[in-house]
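One structure is given here, and the rest of the page talks about it.
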Amino acid sequence: GPMDHLLTVRDDFSDFHLRAEVKINAKGNSGIYFRTAKPLAMVGDYEAQITNLPGQKYKTGALWGLVHASESPVLPEAWFALDIIAVGKQIQVLVNGKETASYTADRSDQKSKGHIALQHHDPETSVFFRKIEIKELSSAKSAAGGAFVILGGKDAAERLCDTLAGAVLGAKNGDTIEVRGDGPFI
């Protein structure tokens, strides 16, 4: 389908270690945005790039617009681990445990906290995310009992789930799933 982004409800992710397993097709273009606003800025916000497209300067493992990777370290249609570690001005991206991008923020307009967003770039893209884990590295901790919380309408009670799969299965059309806690989430 058309371009779309799945954003966290929380907009205060600052210092964290995010890990996800990802699979993308040969013509796909995707990424994980972080420390982003809502709506996110396609150019200017942090994005750990996910693509094997020929001609793309920023391949899988790059930090889009900041640290390029001319070769993708993974094959299309293969699951791989993507890690994003953001602490203060330092940002690292790792693919299958190998560092592919390292960056120290040096612009005053770059955000230090925000949403996390999974990107589906265009109709040619078929991208899958699984086993998404977020460990906050700052002192901010959530007191929630479940790591994944289903938020319904304004008068609906929060429903706690221990797994993202459980939250997705329990969510109804229009519900929002919020990630809470300090992970890792298995």
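All residue numbers refer to positions in the sequence shown, counting from 1. These numbers were taken from a predicted model, which means no experiment stands behind them.
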Please give me the minimum heavy-atom distance between [X] and [Y], naming the atom from each residue.
X: V67; Y: S102; result: CG2-O, 3.7 Å
X: G61; Y: A101; result: O-CB, 3.5 Å
X: G28; Y: L53; result: O-CG, 3.7 Å
X: A69; Y: A62; result: N-CB, 3.7 Å
X: D122; Y: E124; result: OD1-N, 3.0 Å
X: L63; Y: A48; result: CD1-N, 4.3 Å

What's the separation between atom [atom1] in [X] and atom [atom2] in [Y], rounded to the nearest 0.5 Å?
X: K59; Y: N52; atom1: NZ; atom2: CG; answer: 6.5 Å
X: L151; Y: T176; atom1: CG; atom2: OG1; answer: 6.0 Å
X: S112; Y: D12; atom1: OG; atom2: CG; answer: 11.0 Å
X: R35; Y: D15; atom1: CZ; atom2: CG; answer: 5.5 Å

Quiz item: What pairs of residues pass the salt bridge (charged side-chain N to carboxylate O under 4.0 Å, His left out) test when at least one of them lies in residues 102-117, not counting sequence neighbours?
Solution: D45-K111, R107-D109
Quiz item: Can you tell which of I177, L118, I116 makes a side-chain contact (heavy atoms from CB on, under 4.5 Å) with L6?
Solution: L118
Quiz item: Run the side chain to side chain contact (heavy atoms under 4.5 Å, CB included) check on T36 and Y46 step by step: do they pass?
Solution: CA-CA 7 Å; T36 188; Y46 292 115; over 6 Å; no
Practice problem: Decide side chain to side chain contact (heavy atoms under 4.5 Å, CB included) for L94 and T100; before the verdict, give the C-alpha distance in whole Å, the side-chain angles of both, and the deciding distance to 0.1 Å. | Solution: CA-CA 5 Å; L94 296 92; T100 55; 5.7 Å; no
Quiz item: Are any non-hydrogen side-chain atoms of I50 and F80 less than 4.5 angstrom apart?
Solution: yes
Show me the donor-acceptor pairs, under 3.5 Å and distance only, between side chains in residues 81-93 and residues at least two apart or in other chains.
| from | atom 1 | to | atom 2 | distance (Å) |
| --- | --- | --- | --- | --- |
| D83 | OD2 | H17 | NE2 | 2.6 |
| D83 | OD2 | R19 | NE | 2.8 |
| D83 | OD2 | R19 | NH2 | 3.1 |
| Q90 | OE1 | T104 | OG1 | 2.4 |
| Q92 | NE2 | E99 | OE1 | 2.5 |

Quiz prompt | side chain to side chain donor-acceptor pair (under 3.5 Å) against D175, all qualifying residues, sequence neighbours excluded | solution = R159
Quiz prompt | Short side-chain to backbone donor-acceptor contact, H115 and T8, under 3.5 Å | solution = yes
Self-check item: Side-chain (N25) to main-chain (S126) donor-acceptor, under 3.5 angstrom
Solution: yes
Quiz item: If we ignore angles and hydrogens, is there a donor and acceptor under 3.5 Å between the side chains of Q49 and Y58?
Solution: no
Quiz item: Do T125 and N29 meet the criterion of a side-chain donor-acceptor pair at a distance under 3.5 Å?
Solution: no
Practice problem: May I ask you to establish whether R130 and F128 are in a cation-pi arrangement, using a distance under 6.0 Å from NZ or CZ to the six-membered ring centre and at most 45° from the ring axis? | Solution: no
Practice problem: Go through the steps to decide whether Y103 and Q110 satisfy the test side chain to side chain contact (heavy atoms under 4.5 Å, CB included), and finish with yes or no. | Solution: CA-CA 12 Å; Y103 176 72; Q110 291 175 313; 3.1 Å; yes
Quiz item: Heavy-atom count around K23 NZ within 6.0 Å, excluding the residue itself: above 12?
Solution: yes
Practice problem: Under the side chain to side chain contact (heavy atoms under 4.5 Å, CB included) rule, what do S30 and Q119 come out as? Steps first, then yes or no, please. | Solution: CA-CA 5 Å; S30 182; Q119 180 192 52; 4.2 Å; yes
Quiz prompt | Centroid-centroid distance, H5 to Y33, less than 6.0 Å | solution = yes
